[in-house]
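To keep things clear, I will list the structure first and then write my remarks on it.
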Amino acid sequence: MVSIEELREQLMSRIDTSSLIEVEKVERYIDHVESYRRMEKTIIEEGESVTTVNASQTFVKAHPLLTEKNKVNAAILNIERTFNFMGGSEDNKPKYTAEDLM
């Protein structure tokens, strides 16, 4: 797994650091990646399914963080699309589809 500091350094080296907007995007991106990793760790520790006991009923359902993890992943992809990397042209930007969000 890539360290957060290496990720931050690489992103900061590819943007115009005099643009406060771009710097803020990097910080938001890093915050989302950290959040994603925490959720992933919790899901691994607790399992992908959870058992809920309600009086005499017992339910097994997907871990609630799975949905939140998908939302954070979508936010990460959205931030990636808005970066204005230096030295690249529009043609060099990755092409995303709706399936990337799945």
Side-chain angles (χ1 to χ4, degrees):
M1 186 178 307
V2 176
S3 82
I4 293 294
E5 283 310 310
E6 287 177 308
L7 182 58
R8 179 181 280 116
E9 286 175 24
Q10 182 181 36
L11 288 170
M12 294 298 278
S13 72
R14 296 184 63 202
I15 64 164
D16 176 6
T17 55
S18 66
S19 169
L20 298 178
I21 294 169
E22 290 300 306
V23 172
E24 175 66 20
K25 284 187 223 178
V26 169
E27 292 306 317
R28 277 188 277 140
Y29 183 86
I30 295 298
D31 286 345
H32 278 77
V33 169
E34 289 174 330
S35 179
Y36 184 90
R37 289 181 179 182
R38 282 191 304 272
M39 285 188 269
E40 190 171 13
K41 182 180 176 189
T42 300
I43 292 168
I44 289 170
E45 289 171 357
E46 296 177 2
E48 291 186 2
S49 61
V50 293
T51 302
T52 304
V53 178
N54 183 6
S56 63
Q57 298 176 326
T58 302
F59 303 96
V60 176
K61 57 185 181 179
H63 198 294
L65 283 180
L66 289 172
T67 302
E68 295 307 312
K69 189 174 146 184
N70 286 333
K71 290 177 186 177
V72 170
N73 186 56
I76 289 170
L77 292 173
N78 285 333
I79 294 170
E80 284 177 5
R81 286 187 200 106
T82 67
F83 281 126
N84 293 317
F85 293 125
M86 296 185 309
S89 67
E90 285 294 315
D91 295 332
N92 289 338
K93 286 191 174 185
K95 305 293 185 238
Y96 295 98
T97 66
E99 289 187 26
D100 292 327
L101 300 175
M102 300 287 176

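Here the structure is a predicted model, which means the values were calculated and not measured.
- Put simply, the residue from Glu6, Gln10, Glu5 that forms a side-chain hydrogen bond (donor to acceptor under 3.5 Å, both in side chains) with Arg8 is Glu5.
- Every residue two or more places apart in sequence or in another chain that forms a side chain to side chain contact (heavy atoms under 4.5 Å, CB included) with Asp16 is listed here: Ser18, Ser19, Met86.
- In summary, Glu40 and Arg37 do not engage in a salt bridge, as defined by a charged side-chain N under 4.0 Å from a carboxylate O.
- Residues forming a salt bridge (Lys or Arg N to Asp or Glu O under 4.0 Å) with Glu48 (at least two apart in sequence, or on another chain): none.
- The OG1 atom of Thr52 sits 11.0 Å away from atom CD of Gln57, with the distance rounded to the nearest 0.5 Å.
- Counting heavy atoms from C-beta on, the side chains of Leu77 and Arg81 come closer than 4.5 Å.
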* **Step-by-step side chain to side chain contact (heavy atoms under 4.5 Å, CB included) determination, Lys25 to Asn84** => CA-CA 10 Å; Lys25 284 187 223 178; Asn84 293 317; 4.2 Å; yes
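- Val60 is not connected to Leu66 by any chain of hydrophobic side-chain contacts under 4.5 Å among Ile, Leu, Val, Met, Phe, Trp and Tyr, and they are in different clusters.
- Note on Val2 and Tyr36: same hydrophobic cluster, where clusters join Ile, Leu, Val, Met, Phe, Trp and Tyr whose side-chain heavy atoms are under 4.5 Å apart, directly or indirectly.
- Put simply, CG on Asp31 and CD on Glu24 are 8.5 Å apart, with the number rounded to the nearest 0.5 Å.
- Expressed to the nearest 0.5 Å, how far CG of Asn70 lies from CE of Met39 amounts to 9.5 Å.
- Atom CD of residue Glu46 and atom CD1 of residue Ile43 lie 8.5 Å apart, to the nearest 0.5 angstrom.
- A 4.5 Å side-chain heavy-atom check between Glu22 and Thr17 finds every atom pair outside the cut-off.
- Contact of the Val50 side chain with the Phe59 side chain is not registered, since no non-hydrogen atoms from C-beta on lie closer than 4.5 Å.
- With rounding to the nearest 0.5 angstrom, the NZ atom of Lys69 is 10.5 Å from the OG1 atom of Thr42.
- At a threshold of 4.5 Å between non-hydrogen side-chain atoms, the residues Val26 and Ile15 count as touching.
- The structure places CZ of Phe83 at 13.0 Å from CD1 of Ile21, a figure rounded to the nearest 0.5 Å.
- Proximity of Thr67 to Lys71: side-chain heavy atoms (C-beta onward) are separated by under 4.5 Å at one or more points.
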